[in-house]
Every structure is written in C-alpha cells, then in structure tokens.
S.K.: 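Below are the structure tokens for one structure; questions will follow.
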2 protein chains.
Amino acid sequence: MNAPFPEPARKDGPRSLHQRILADIEGAILSGAWPPGTQIPFEQDLAARYGCSRMTVNKVMTRLVAAGLIERRRKAGTFVRHPHSRSAILEVVDVRREVEGLGLPYGFEILRRVLRRSTEAEGARLGLDAPVDLVEIASRHFAARHPFCLEERLISLKAVPEAAAESFGDLPPGAWLSARVPWSTAEHRIRAVGADAPVAAALMVPRGTPCLRIERRTWSAREPITLVFITYPGERHELVARFAPG
Amino acid sequence: MNAPFPEPARKDGPRSLHQRILADIEGAILSGAWPPGTQIPFEQDLAARYGCSRMTVNKVMTRLVAAGLIERRRKAGTFVRHPHSRSAILEVVDVRREVEGLGLPYGFEILRRVLRRSTEAEGARLGLDAPVDLVEIASRHFAARHPFCLEERLISLKAVPEAAAESFGDLPPGAWLSARVPWSTAEHRIRAVGADAPVAAALMVPRGTPCLRIERRTWSAREPITLVFITYPGERHELVARFAPG
DNA sequence: GAGTGGTCTAGACCACGAT
DNA sequence: TCGTGGTCTAGACCACTCA
C-alpha cells in the first residue's frame, strides 16, 4: 500500500510548482494509480524529489486535505482517503445507510443479473464511442420488509472487469463499487415520474404513483464506470442537500 | 466599498493563527458586514494587524479564493465576490436563466403577495424561536407562454426589511434576493408529489400528475432569510448536478 | 523516544496591471 | 511606473502519535 513518486501528469499547462505537484498527486489518486489506503511519500521526500522546500509541498497537501482526497496522521504519514460523499444527495447511493439511519432493518435482493453488450442508447447515455461489455443488475432495497427503492444499474466491464465475476449476493452493487473504484466525476439527474407497470410491481404501489427517480453516472478519468437509476416510491421520500456558497 | 479590519469572531475556538484570520474574514463576509464588492485590506496591512508574516495571511487568502468567497487582482487588491452558485441544483433558483437556457422566451407573473406573521408550522420549518413578520409571494414562471413552474416563497422581514416595500413586478423574488442578500447556508429538499388542486390549476395539468418539488431554505449566519417551494410539472423536468469527490 | 505533520517566519524575486 | 498579489525559500519550533 505504499506509493512510488507520482508520474508527472502533462508537460504543458501548470505554471507554478505547487500546481504541478497538485496535478501529479491528484492525477495519481483519481486515475486509480494510488487506490484508497495508499500511503503517499512524506513531505520531505516529495520536497527533495521536486527540488523545492517543504513549505511548497505542504501547501499542496493542505489543499488535498481540504478537498477530502487524503488524510494525514502525525508520525504515521499521509494516506489516500476512501471514497466519500460530500452531501446527502450523493449518499443516496448507499441505500443501506439511508435505511439504517431511519432506524429500520435493512434488506436487499437481486432481481436480475445479466452480462451483455451495451445498446446504442446506453452508449449514448454513458458517453461511449464504441459498445462495451457490461453487467446489468436490477435489485430491490427493503426497509422493515417493505420495498424501499428499486435500483437498476449498468457497470462497464471495461472500467471494472472484476464485476463480471461478482454475484452481489452479500454486498449491494453500490457499496461494492464505492469500496473499490475511485471516481473523478459524478452526475445526478433527478426527476419525478409516474410508476409504470414494472416499477409499480417492484415497489408494490399503484400504477401512476409519483416516484422520485435519480439517474447517476460516474466516471473515472473520462472512463464511464456505472449508470444507475434509483426509484423511490411515493411522496414521502426526500433528497436533502446542504450547501455553503463556495 | 472599503472594509475596516474584520471584527474578531469568537475568543474561544480556533487554535492556529491562520484559522483565526480565516474565521474573522469569513465571518465578516457571511454576516453581511462586508457585502459583495467590498475591498478587503491588503495582505501587508492584515499581516501587520495580526502581527504575523505575509505568508500566513496569504495562505488564508488562497483558501478564500479557492472557496469562491473573494477575488483578487494584482495591483487593484482583494474584493468580496458577488453571490454565485456552485451547481445546477443551486441555479434552479434563477428560473429565468433556466428557461432562457432552453432557448424559450421567459415570462413571469405574481399570483399573490401578502404581508403577515409567520404561523407556528412555518416557524418550525424556518427554525425560528419566535414568530416573525414575513412576505408571502406566490408566482408563476412561464416558458413560451406555458406554465413552467410554480414558486411559493416566504421572506423574513427580520432578515430583509426592504422586502416589505418591494412589489416584485419587474424582478422575480429569487433574482431580487440573490442580488441583495449574502447567504451562508442553503438546504434543498427534493420530492416527487402528485399535483393537488391548486397546483394542478396553476400549472394547468391534471390532478395527480407527478411533479418535482424543491424546497429551499436559506440562512445568513443563523438568521433565516427565505423558504421557497418550486414545483415543476410532469416528468420532463430534470435537476442536474455534477460533482467531483471533495 | 523519534519522526511525522502543523505551523510560522522574514525575507526574496517576479509578473501583472492599474495609473 | 510601481504597488499589488503569486510564489518560493531555508530555516525553525512544537505537538502529536506511533513504535
């Protein structure tokens, strides 16, 4: 879990030294070259490597801590943080926590799991140039034995080959992915929809019931990882986000 | 538009010097003591004021720039930035831009405007200890002469006394507020709802139509500013947010 | 106890841009 | 032109925490 020095990112671009160091380290983390838990070289070593003073490296590290990409412990060193969310809107992907946060027992069930090639429409949604192999997983999350939400997910096997061999019997795909794959960008699209027949059946509500539907796409350095639709039944479910300006 | 030195925030708390400086300046901006456009004292003056080196002040300023609270121009100085949004989820409050971004002509109409005292339920929602005077405004936004969304808003006159005299005939309340009041925290709650009778009438859709409803609350340094519900009809409307980890 | 990060200094030179 | 921010140095001391 130790990292060598980061590969210099691009020769062009960054004017200042600390911007270059920042780009190198950020690149190593977001590309997956330094997966979560990796120990980053010490400030002194990085300073020597870049031929600069410790202060310059420290400024970069301070920014990375503020950005939530790394955590630091005195004497122990600096480590790549595990993926995390910044707002409740993002935490929705960990449905288990959401349910348990309500004080309800959590349940989980796989409805469908298929290995196949991406269709043209999916390729467009995922921003693909050419079709890729993927896993399609439909699953249901329960709270106190009642359907809580429906999850329909595609995982690109080009980005995450291990997903082909995973049954997701124990760990829901969202949690499995977030523990394994670092991501650089995510996009949410949130809509109100009326339940169509399959959704109504899965969630056990009348057809036409207003549902909150979240589409989430995740990339790692331009490579699409996953596309997921999560559908919550009825008017009770709320998505909450808190912000500060900047 | 020039600022004196910032008032020290609290005597307790912040351990390190640059944390104290950060808290002071951030406090001055978010409290409204330094409104947008205010010129902040020069680095050298702040360093002298706090009895520290310029480097220490600079570290704070760099963080404030990264946070988007200030902008800096060589030779000119450092200024408090005008309020801005970080994601499309926040930009939703400027419905006009949203509509014009679709290439459609924008329209706006006030349905109701009432000066009154807050009810108990509203006080709870706003996090008030005691009732306050407020303005209640219902308005409708149009795209290409079709109802685009319904806006139901409360503005606290304790936080924004000028709102009592404002008719909102020209400028929608959202735009009026964001140009005037700095905010420190906002909270969104997003739900799917079926249109009830008044909503169905205002948006000209059948009752029960799934609608996306956003509740947005905004505070300035613990003082509630506004509570607004925005309801979009049907399944076509999407809320989009893009994130990077950290 | 020793090594790490946390913080800070008192300078320095440069580039930009307002005047 | 020349004052401002942008960047960087080569040290320093301290506190925490792991071994």
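Reckoned from all heavy atoms, side chains included, excluding hydrogens, waters and symmetry mates. Each chain gets a letter, A, B and so on, in the order its sequence line appears, and its residues count up from 1.
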S.K.: For B:Glu71 and D:dT4, give me the distance from atom CD to atom C1', rounded to whole Å.
M.R.: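 To the nearest whole Å, that distance equals 15 Å.
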S.K.: Using only heavy-atom distances, determine whether the side chains of A:Arg153 and A:Thr226 contain a donor-acceptor pair under 3.5 Å.
M.R.: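 There is such a pair between these side chains.
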S.K.: Would you say A:Ser16 reaches D:dT7's phosphate, i.e. side-chain N/O to OP1/OP2 under 4.0 Å?
M.R.: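 For A:Ser16, the contact criterion (side-chain N or O under 4.0 Å from OP1 or OP2 of D:dT7) is met.
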S.K.: Between D:dT7, C:dG5, D:dG6, which nucleotide has the shortest distance from any of its atoms to the side chain of B:Arg72?
M.R.: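 The answer is D:dG6, which lies nearest to the side chain.
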S.K.: Do A:His188 and A:Glu215 have side-chain N/O donor and acceptor atoms under 3.5 Å apart?
M.R.: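 Per modelled atom types, A:His188 and A:Glu215 side chains form no pair under 3.5 Å.
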S.K.: Round to the nearest Å and state the distance from B:Leu64 atom CG to D:dG6 atom P.
M.R.: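 For the pair B:Leu64 CG and D:dG6 P, the rounded distance is 12 Å.
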S.K.: What I want to check is whether the side chains of A:Arg216 and A:Thr218 have a donor and an acceptor closer together than 3.5 Å.
M.R.: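 There is such a pair (donor and acceptor under 3.5 Å, judged by atom type) between the side chains of A:Arg216 and A:Thr218.
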S.K.: Roughly how many Å is it from OH in A:Tyr50 to P in D:dC8, rounded to a whole number?
M.R.: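 About 13 Å, once rounded to whole Å.
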S.K.: From CD1 of A:Ile40 over to P of C:dG5, roughly how many Å is that when rounded to an integer?
M.R.: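 After rounding, the gap between these two atoms is 10 Å.
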S.K.: Report yes or no: is the cationic atom of A:Arg20 (NZ for Lys, CZ for Arg) closer than 6.0 Å to the six-membered ring centre of A:Tyr50, at no more than 45° off its axis?
M.R.: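 No - A:Arg20 does not lie over the ring of A:Tyr50 by the 6.0 Å and 45° rule.
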S.K.: Determine the interplanar angle of the B:Phe148 and B:Tyr232 rings, folded into 0 to 90°, and report it as parallel if under 30°, tilted if 30 to 60°, perpendicular if over 60°.
M.R.: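 Aromatic pair B:Phe148/B:Tyr232 classed perpendicular.
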S.K.: Output the rounded distance in Å from NZ (A:Lys59) to C1' (C:dT7).
M.R.: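 For the pair A:Lys59 NZ and C:dT7 C1', the rounded distance is 14 Å.
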S.K.: From the set D:dG6, D:dC8, C:dT7, return the single nucleotide nearest to any side-chain atom of A:Leu17.
M.R.: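 Given the options D:dG6, D:dC8, C:dT7, the side chain of A:Leu17 is closest to D:dC8.
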S.K.: Mind calculating the distance between CE (A:Met61) and C1' (C:dT7) to the nearest angstrom?
M.R.: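 Checked: the CE to C1' distance equals 16 Å.
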S.K.: Quick check for you: among D:dC8, C:dT9, D:dT7, whose closest atom lies nearest to any side-chain atom of A:Thr56?
M.R.: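 The nucleotide sitting nearest to the side chain is D:dC8.
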S.K.: Expressed in angstrom and rounded to an integer, what is the separation of B:Asn58 atom CG from C:dT9 atom P?
M.R.: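 In whole Å, C:dT9 P and B:Asn58 CG are 13 Å from each other.
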S.K.: Working to the nearest 0.5 angstrom, can you tell me the gap between B:Arg96 CZ and B:Tyr106 OH?
M.R.: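 Atom-to-atom, B:Arg96:CZ and B:Tyr106:OH are 6.5 Å apart.
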S.K.: Hey, which of these two, B:Pro41 or A:Gly51, hits DNA chain D nearer its 5' end, going by closest nucleotide?
M.R.: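 Nearest-nucleotide comparison on DNA chain D picks B:Pro41.
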S.K.: Does D:dT4 have OP1 or OP2 under 4.0 Å away from a side-chain N or O of B:Thr78?
M.R.: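 For B:Thr78, the contact criterion (side-chain N or O under 4.0 Å from OP1 or OP2 of D:dT4) is not met.
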S.K.: With the sugar-phosphate defined as primed atoms, P, OP1 and OP2, and the base as all remaining atoms, what B/S/- string results for nucleotides 11-19 of chain C, 5' to 3', for protein heavy atoms under 4.0 Å?
M.R.: -B--BBBS-
S.K.: Over how many whole Å does the gap from A:Glu43 atom CD to D:dA10 atom C1' extend?
M.R.: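 That distance rounds to 15 Å.
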S.K.: Applying a 4.0 Å non-hydrogen cut-off, can you work out what B:Thr62 is touching in the nucleic acid: base, sugar-phosphate, or nothing?
M.R.: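 Nothing, no nucleic acid heavy atom in range.
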S.K.: Check the orientation of A:Trp176 and A:Phe168. Use parallel for under 30°, tilted for 30 to 60°, and perpendicular for over 60°.
M.R.: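 Ring orientation, 0 to 90° scale: perpendicular.
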